[in-house]
Amino acid sequence: MSLSDFQWASRVADIAPFHVMALLGRARELQAEGRDIIHMEIGEPDFSSPPQVIEAGRQALADGHTGYTPAMGIPELREAIADHYQKAYGVKVDPSRILVTPGASGALLLLAALLVNPGDQVMMADPTYPCNRNFMRLFEGRSQLVPVGADSHFQLNADHIEQHWNAKTRAAMLATPSNPTGTLVNLDQLTEISQAVSAKKGALICDEIYQGLTYGVEAQTALAVNDDAFVINSFSKYFGMTGWRLGWLVAPECAMPELEKLAQNVFLSATTPSQYAALAAFQPDTIALLEERRAEFARRRDYLLPALRELGMSIPVTPEGAFYIYAGIDHLTDDSFNWCQDLLEEEGVATTPGLDFGIAGARTTVRFAYAASIDKLEEAVERIGRFIQKRA
């Protein structure tokens with residue numbers, strides 16, 4: 001028998017690829033042909049890693065830090081993360097409750113393995129980041145998507161928990177700031193959601209990988225109101241370390257032995273040079289640089305948001321975090337993928353169709369990332385306006 005006749009595991013068919021990757025691939029082809037492409041599809045800061053981090057990574061290699069570390073991460077980094085929670089958010093977290101992972105995806109993988117039995121459901125907002133759904137499927141669980149809108153800032157709230165929790169619901173998952181909407185869940189709302197989930201005897205998972213990237217409001221953490229929350233974070237976004245593949249998970253003390261066992265078996269440990277490099281991410285001079293970059297993201301948002309609204313796009317809630325704007329284009333198309341594809345081909349602007357983020361409204365929404373310079377954003381708006389006008 002040829003492997004072409006082999007039946008792959010059924011879970012593979014249930015996990016959709018990122019639709020944006022096809023657009024990204026085409027964008028790169030067009031660039032190779034000499035076209036000027038403006039990238040608004042990629043969820044990656046356009047700044048390089050801080051020089052302090054790069055130098056610390058070089059030093060780690062020079063010092064021979066190339067072997068395995070403990071599965072939980074090097075003690076120095078776990079302590080540095082705990083210290084960051086204290087300084088930045090006034091929250092005390094014991095380093096023993098912190099597990100360093102290969103990216104935030106590594107943390108989510110461990111949580112899915114820890115919490116989800118076959119058939120269990122994890123409640124999450126629709127729209128949401130697709131990997132959050134797909135990791136649950138990997139462990140034979142299901143994402144329980146709850147359509148959310150502007151009235152709840154595109155986030156789950158306590159009423160959603162009360163209304164949609166059922167016998168198969170195991171946990172609720174929030175993302176604050178959110179990908180794709182850039183909206184937040186404030187501490188009062190987090191308290192209400194935590195109480196609602198606790199009353200259902202469920203677990204609360206908080207994706208905080210864009211924590212720190214907030215505009216006009218202070219960054220918060222669910223740990224300020226719920227010490228038993230499972231909190232996922234990353235060095236990729238605020239700290240600008242995407243390619244270093246490093247994240248962390250904060251969990252209740254009672255869960256740590258099981259999580260450590262899973263980490264030992266799944267990935268053994270996070271990348272060693274990356275862990276030593278990340279120690280420099282918390283230095284005062286590094287934080288000062290990152291705050292300058294946050295201010296730049298705020299300037300970009302403050303330009304792009306009204307510009308897109310002036311083009312007629314529906315953005316009913318002002319995004320207060322991350323670097324995304326989630327816009328309704330139902331008056332322009334009922335096929336967001338083709339709309340994004342045509343925009344790329346005709347005007348050289350790459351964006352992400354709503355299909356990647358859920359079901360409700362997926363065909364009439366687009367995510368714009370403002371991870372490009374304001375000059376690029378201005379040119380993009382001009383091109384998008386021309387594209388819309390041509391199709392009017």
Side-chain angles (χ1 to χ4, degrees), residues 16-24 26-27 38-44 124-134 143-157 160 173-185 207 210 300-301 304-347 349-372 377 380-381 383-385 387-388 391-392:
F18 284 127
H19 293 88
V20 72
M21 297 311 293
L23 294 168
L24 176 59
R26 179 57 180 157
I38 300 175
H39 291 278
M40 302 180 74
E41 83 282 35
I42 302 174
E44 181 171 24
M124 55 188 74
D126 177 0
T128 193
Y129 182 58
C131 284
N132 296 343
R133 308 192 305 265
N134 292 336
S143 54
Q144 183 184 353
L145 295 179
V146 176
V148 293
D151 59 330
S152 66
H153 285 207
F154 297 98
Q155 295 279 0
L156 291 180
N157 58 30
H160 293 129
M173 183 172 186
L174 309 176
T176 177
S178 163
N179 176 10
T181 66
T183 59
L184 310 178
V185 182
D207 169 355
Y210 292 91
R300 296 174 183 182
R301 181 205 64 165
L304 186 61
L305 180 62
L308 292 177
R309 283 173 170 163
E310 286 175 12
L311 291 177
M313 296 188 185
S314 174
I315 310 166
V317 179
T318 295
E320 295 178 307
F323 35 72
Y324 305 116
I325 294 175
Y326 188 67
I329 56 169
D330 56 301
H331 62 298
L332 300 174
T333 185
D334 60 1
D335 190 336
S336 61
F337 182 85
N338 280 341
W339 191 88
C340 291
Q341 195 171 46
D342 291 345
L343 176 62
L344 174 61
E345 295 289 344
E346 295 178 28
E347 294 292 345
V349 179
T351 55
T352 303
L355 288 174
D356 273 338
F357 304 108
I359 299 170
R363 301 189 68 83
T364 56
T365 50
V366 174
R367 189 194 73 178
F368 298 90
Y370 46 93
L377 296 180
V381 168
R383 295 183 188 184
I384 295 167
F387 174 75
I388 292 173
R391 298 163 73 92

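Note that the numbering runs from 1 along the sequence shown for the chain.
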Shortest non-hydrogen contact from His39 toward Ala27: CE1-CB, 3.9 Å
Side-chain touch Tyr129/Pro180, heavy atoms, less than 4.5 angstrom: no
Heavy-atom check, side chain of Ile388 versus side chain of Ile384, under 4.5 Å: yes
Side-chain heavy-atom pair Val366, Met313 within 4.5 angstrom cut-off: no
Sidechain-backbone polar pair: Glu41 side chain, Leu24 backbone, donor-acceptor under 3.5 Å: no
Donor-acceptor contact present, side-chain Asp356 to main-chain Phe18, <3.5 Å: no
Closest contact, heavy atoms only, Thr333 versus Asp335: OG1-N, 2.9 Å
Nearest atoms (heavy-atom pairs only) where Phe154 meets Val317: CE1-CG2, 4.1 Å
From CD (Gln341) to CD (Glu346), nearest 0.5 Å: 10.5 Å
Any Glu345 side-chain heavy atom under 4.5 Å of Arg26 side chain: yes
Atom of Arg133, atom of Ser143 and distance for their closest heavy-atom approach: CB-OG, 3.6 Å
Point-to-point distance, once rounded to the nearest 0.5 Å, from CG of Leu156 to OG1 of Thr176: 11.5 Å
Under 3.5 Å: donor-acceptor pair, side chain of His331, backbone of Gly312: yes
Distance, nearest 0.5 Å, that separates OG1 of Thr128 from CG of Asn179: 8.0 Å
Heavy-atom side-chain proximity of Asp334 to Arg363 below 4.5 angstrom: no
Spacing of Leu184 atom CG and Leu174 atom CG [to the nearest 0.5 Å]: 12.0 Å
Heavy-atom check, side chain of Thr352 versus side chain of Tyr326, under 4.5 Å: no
Tyr324: which of Tyr370, Phe368, Tyr210 passes ring-ring contact (aromatic ring centres under 6.0 Å, His included): Tyr210
Distance in Å, Met40 CE paired with Leu344 CG, rounded so as to fall on 0.5 Å steps: 13.0 Å
Spacing of Met173 atom CE and Asn132 atom CG [to the nearest 0.5 Å]: 3.5 Å
Closest approach of Leu23 to Thr351 (non-hydrogen atoms, all atoms of both residues): CD1-O, 3.5 Å
Close side-chain approach of Ile325 and Ile315, heavy atoms under 4.5 Å: yes
Whether Ser152 side chain and Val148 backbone form a donor-acceptor pair below 3.5 Å: no
Close side-chain approach of Ser336 and Leu355, heavy atoms under 4.5 Å: yes
Salt-bridge contact Arg391-Asp342 (side-chain N to carboxylate O under 4.0 Å): yes
For the student: nearest non-hydrogen atoms of Arg300 and Ala371, plus distance: NH1-C, 3.4 Å
Derivation and outcome, side-chain contact (heavy atoms from CB on, under 4.5 Å), residues Val185 and His153: CA-CA 8 Å; Val185 182; His153 285 207; over 6 Å; no
Check against side-chain contact (heavy atoms from CB on, under 4.5 Å), Met124 and Leu145: CA-CA 5 Å; Met124 55 188 74; Leu145 295 179; 3.6 Å; yes
